[in-house]
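For ligands, and for the atoms within them, numbers begin at 1 and follow the listed sequence.
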Amino acid sequence: MIAIAPSILAADFSRLGELVRQVESAGADRIHVDVMDGHFVPNLSMGAVVVKGLRPVTRLPLEVHLMVEDPGRFLDGFVAAGADTFIVHLEVLDDPRPLLQHIRHGLGKKAGLAFNPDLPIDRVEPHLRDIDMALCMTVFPGFGGQTYIPESTERIRQLRGMIASHQPACEIEVDGGIDHRTISLAAGAGANVFVAGSAVFGAPEGPAAAVKSLHHLAEAASS
Ligand code: DX5
Ligand code: ZN
């Protein structure tokens, strides 16, 4: 199943609720909330208060991408705010299993495992059964509006092969530089969940039309 997850990092925060309603009406499948601590990544972004503000605005799942050094510290606040999914980075966890199990079984939320473009894909393989989604970063995280790293396409293909043999239900999400050109590359290689920030909220045709066209392109490339 193809899913489009607009990243609100690229949205005009003075109109955030209105824009989230627009992308929901246009068929967005989830809302991607980029949380940055200024340590794991050089940027500082937003906290649980943004999820709390958005919760009454949308029925879409709110997925929290924790680009932070100590993700466990933030879970309870985001759960109380209404988050549905937590994506943590393999780079900051010696053994991700305890935290992933806590997210899934302790908190009853969906668990995603993210990894940066320089992390070997085989490092993810042992954890595929512990997650609902693998997030293959297609840029180095920290900022929106970056360019898709071309080597990502082969990494997605490799990951799809691993998932097919270990945990077929695991989703593959991609994040960073996903637009009308790169979404087809990523979908063709096996990704099925697409985070898009600037390609949605910076689209000249407007966010609703952008969500619709990204959906069509991903469906066409993955069939
Ligand atoms: C990057 C974030 C991405 C980013 C995507 O650090 O994790 O979610 O907001 O933005 P675009 O789609 O503009 O690259
Ligand atoms: Zn993200």
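Around atom CZ of Arg55, more than 12 heavy atoms belonging to other residues, nucleotides or ligands sit under 6.0 Å away. Counting heavy atoms of neighbouring residues, nucleotides and ligands inside a 6.0 Å radius, atom NZ of Lys110 does not exceed 12 of them.
Among all protein heavy atoms, the one lying closest to atom 10 (O) of ligand 1 is Gly144 CA, 3.6 Å. Of the protein's non-hydrogen atoms, the one nearest atom 6 (O) of ligand 1 is Gly142 N, 2.6 Å. With hydrogens left out, the protein atom closest to atom 12 (O) of ligand 1 is Gly197 N, 2.7 Å, a heavy atom. In this structure, atom 8 (O) of ligand 1 lies nearest to the protein heavy atom Asp175 OD1, 2.5 Å. The nearest heavy-atom contact from the protein to atom 1 (C) of ligand 1 is Phe143 O, 3.5 Å. Annotation: atom 14 (O) of ligand 1 to nearest protein heavy atom, Gly177 N, 2.8 Å. Scanning the protein for heavy atoms near atom 13 (O) of ligand 1, the closest one is Ser198 OG, 2.4 Å.
Between the choices Val35, Asp34, Thr147, the shortest heavy-atom distance to atom 4 (C) of ligand 1 belongs to Asp34.
Proximity of a side-chain donor or acceptor of Asp84 to a complementary backbone N or O of Glu63 within less than 3.5 Å is not detected. Between the side chain of Thr138 and the backbone N or O of Asp175, at least one donor-acceptor pair lies under 3.5 Å. The backbone N or O of Asn116 sits less than 3.5 Å from a side-chain atom of Glu91, completing a donor-acceptor pair. Checked by atom type and distance alone, the side chain of Gln146 never pairs as donor or acceptor with a backbone atom of Val139 at under 3.5 Å. Judged by distance alone, the side chain of Glu151 and the main-chain N or O of Pro117 form no donor-acceptor pair under 3.5 Å. No donor-acceptor pair under 3.5 Å is formed between the side chain of Asp122 and the backbone N or O of Glu125. Of the possible donor and acceptor atoms, none in the side chain of Asn43 sits under 3.5 Å from a partner among the backbone N and O of Met36.
For ligand 1, the atoms lying closer than 4.0 Å to a non-hydrogen atom of Ser7 are 8 (O), 9 (O). Taking a cut-off of under 4.0 Å to the non-hydrogen atoms of Leu9, the atoms of ligand 1 that pass are 9 (O). Within the listing of ligand 1, atoms 8 (O) sit less than 4.0 angstrom from a heavy atom of His32. Ligand 1 places these atoms under 4.0 Å from at least one heavy atom of Gly176: 14 (O). The Val195 neighbourhood of ligand 1 comprises atoms 8 (O), with distances under 4.0 Å to a heavy atom of that residue. Of all the atoms in ligand 1, the ones that sit under 4.0 Å from a non-hydrogen atom of His65 are 7 (O). Residue Ala196 approaches ligand 1 through these ligand atoms, each under 4.0 Å from one of its heavy atoms: 12 (O). Close approach to Met36 involves these atoms of ligand 1, each under 4.0 Å from a residue heavy atom: 6 (O).
With respect to the Zn ion (ligand 2), His65 has ND1 as its nearest N, O or S atom. With respect to the Zn ion (ligand 2), Asp34 has OD1 as its nearest N, O or S atom. Within Asp175, OD2 is the N, O or S atom that lies nearest to the Zn ion (ligand 2).
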side-chain contact (heavy atoms from CB on, under 4.5 Å) between Met46 and Leu9: does it pass, once the steps are laid out? CA-CA 9 Å; Met46 62 194 94; Leu9 187 69; 3.8 Å; yes
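Residue Pro141 touches ligand 1 through backbone and side chain together, judged by heavy-atom distances below 4.0 Å.
Heavy-atom minimum distance, Arg155 versus Phe115: NH2-CD1, 3.7 Å.
If you take OG on Ser45 and CD1 on Ile8, they are separated by 8.5 Å, rounding to the nearest 0.5 Å. A distance of 11.0 Å separates CG in Asp132 from CG in Leu113, rounded to the nearest 0.5 Å.
Checking each of Thr153, Asp179, Thr182 against Tyr148 for a side chain to side chain donor-acceptor pair (under 3.5 Å) leaves exactly one that passes, namely Thr153.
In this model, no donor atom of one side chain and acceptor atom of the other lie less than 3.5 Å apart for His39 and Asp70.
Ligand 1 has no atom lying under 4.0 Å from any heavy atom of Ala10. Residue contacts with ligand 1 leave out Ala199, since none of its heavy atoms falls under 4.0 Å from the ligand.
For a threshold of 3.5 Å applied to N or O pairs, the pair formed by Phe140 and ligand 1 contains no separation below that value. Considering backbone and side-chain N/O atoms, Met67 never comes within less than 3.5 Å of an N/O atom of ligand 1. Checked by distance only, ligand 1 and Gly145 come closer than 3.5 Å through their nitrogen or oxygen atoms.
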